[in-house]
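In what follows, every heavy atom counts, from backbone to side chain, and hydrogens, waters and symmetry copies are set aside.
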Amino acid sequence: HLTATLEKARQRSKENNLPYSGALSPAEASYLLGNAPSAKLVDVRCKAELDWVGRIPGAIEIEWATYPGMKPNPNFLAALQQQVDKEALVMFICRSGARSNQAANLAAQSGFTEVFNVLDGFEGDRDANGHRSCLSGWRAENLPWEQS
């Protein structure tokens with residue numbers, strides 16, 4: 001199952017011309033986190049999102065951008081290199097998949113060899129009213145998360 005999951009993610013990457021190893025569904029990312037010994041999940045949401053919306057147990061938290069103002073975190077790459085081995089299977093997640101896509105691009109450009117983005121992120125896309133109603137994403141799939 002591990003090999004099939006990774007192969008599916010790699011195929012999505014090829015089909016979408018992504019510059020990193022693969023794209024995962026939240027359920028696939030959760031499966032890899034629990035079953036691939038070197039797998040690391042890096043949550044790139046800002047601290048406010050983690051505090052107010054919820055956290056993923058076991059995720060490494062490195063802000064891509066800081067709140068308020070969503071200014072880019074100039075220490076992102078240094079923090080990533082300190083906390084994750086370049087040969088590890090590293091998966092990035094954010095709220096919807098956009099910031100994690102940027103983080104995955106940067107990681108791949110910086111020499112990380114097994115880089116994956118989690119599609120739909122933690123909360124997924126906005127609904128018809130412009131709200132994040134968790135119709136897709138990590139929470140919608142009832143994967144492990146906690147709120148303080």
Indicate the atoms forming the closest heavy-atom contact of [X] with [Y], along with that distance.
{"X": "Gly137", "Y": "Pro26", "result": "C-CG, 3.7 Å"}
{"X": "Trp145", "Y": "Gly54", "result": "CE3-CA, 4.0 Å"}
{"X": "Ser13", "Y": "Gly22", "result": "CB-CA, 3.5 Å"}

Nearest 0.5 Å, what's the [atom1]-[atom2] distance between [X] and [Y]?
{"X": "Glu7", "Y": "Leu2", "atom1": "CD", "atom2": "CG", "answer": "12.0 Å"}
{"X": "Arg99", "Y": "Asn73", "atom1": "CZ", "atom2": "CG", "answer": "12.0 Å"}
{"X": "Ser21", "Y": "Arg12", "atom1": "OG", "atom2": "CZ", "answer": "13.5 Å"}
{"X": "Ile60", "Y": "Met91", "atom1": "CD1", "atom2": "CE", "answer": "9.5 Å"}
{"X": "Asn101", "Y": "Cys94", "atom1": "CG", "atom2": "SG", "answer": "8.5 Å"}
{"X": "Met70", "Y": "Cys46", "atom1": "CE", "atom2": "SG", "answer": "4.5 Å"}

For this session: Inspect the contact between Arg45 and Glu123 and indicate whether a charged nitrogen and a carboxylate oxygen are less than 4.0 angstrom apart.
Result: no
Exercise. Okay, side chain of Glu28, backbone of Thr5: is any donor-acceptor separation there less than 3.5 Å?
Worked result: no
Problem set entry | Test side chain to side chain contact (heavy atoms under 4.5 Å, CB included) applied to Val118 and Leu41, step by step | CA-CA 9 Å; Val118 180; Leu41 180 64; 4.2 Å; yes
In terms of hydrophobic clusters joined by side-chain contacts under 4.5 Å, are [X] and [Y] together?
{"X": "Phe116", "Y": "Leu80", "answer": "no"}
{"X": "Leu33", "Y": "Val42", "answer": "no"}
{"X": "Phe92", "Y": "Leu77", "answer": "yes"}

Residue pair [X] / [Y], side-chain heavy-atom distance below 4.5 Å:
{"X": "Trp64", "Y": "Leu106", "value": "yes"}
{"X": "Asp43", "Y": "Arg55", "value": "no"}
{"X": "Tyr31", "Y": "Leu24", "value": "no"}
{"X": "Ser30", "Y": "Trp138", "value": "yes"}
{"X": "Leu143", "Y": "Ile56", "value": "no"}
{"X": "Asn105", "Y": "Tyr20", "value": "yes"}
{"X": "Pro57", "Y": "Glu146", "value": "yes"}
{"X": "Phe76", "Y": "Glu63", "value": "no"}

Exercise. Between Ser100 and Asn117, does any side-chain donor sit less than 3.5 Å from a side-chain acceptor?
Worked result: yes
For this session: Applying salt bridge (Lys or Arg N to Asp or Glu O under 4.0 Å), name anything that partners Asp85, two or more places apart in sequence or on another chain.
Result: none
Exercise. Parallel, tilted or perpendicular for Tyr67 and Trp52, by the 30°/60° rule?
Worked result: perpendicular
For this session: Given side chain to side chain contact (heavy atoms under 4.5 Å, CB included), test Val53 with Arg139 step by step and report yes or no.
Result: CA-CA 10 Å; Val53 181; Arg139 279 178 51 180; 3.4 Å; yes
Exercise. Apart from Leu119 itself, what residues make up its hydrophobic cluster when side-chain heavy atoms of I, L, V, M, F, W and Y under 4.5 Å apart count as a link, directly or indirectly?
Worked result: none
Problem set entry | Residues Leu32, Leu6; criterion side chain to side chain contact (heavy atoms under 4.5 Å, CB included); working and verdict | CA-CA 9 Å; Leu32 290 174; Leu6 289 169; 3.8 Å; yes
For this session: May I ask you to check whether over 12 heavy atoms, not counting those of Lys86, lie within 6.0 Å of atom NZ?
Result: yes
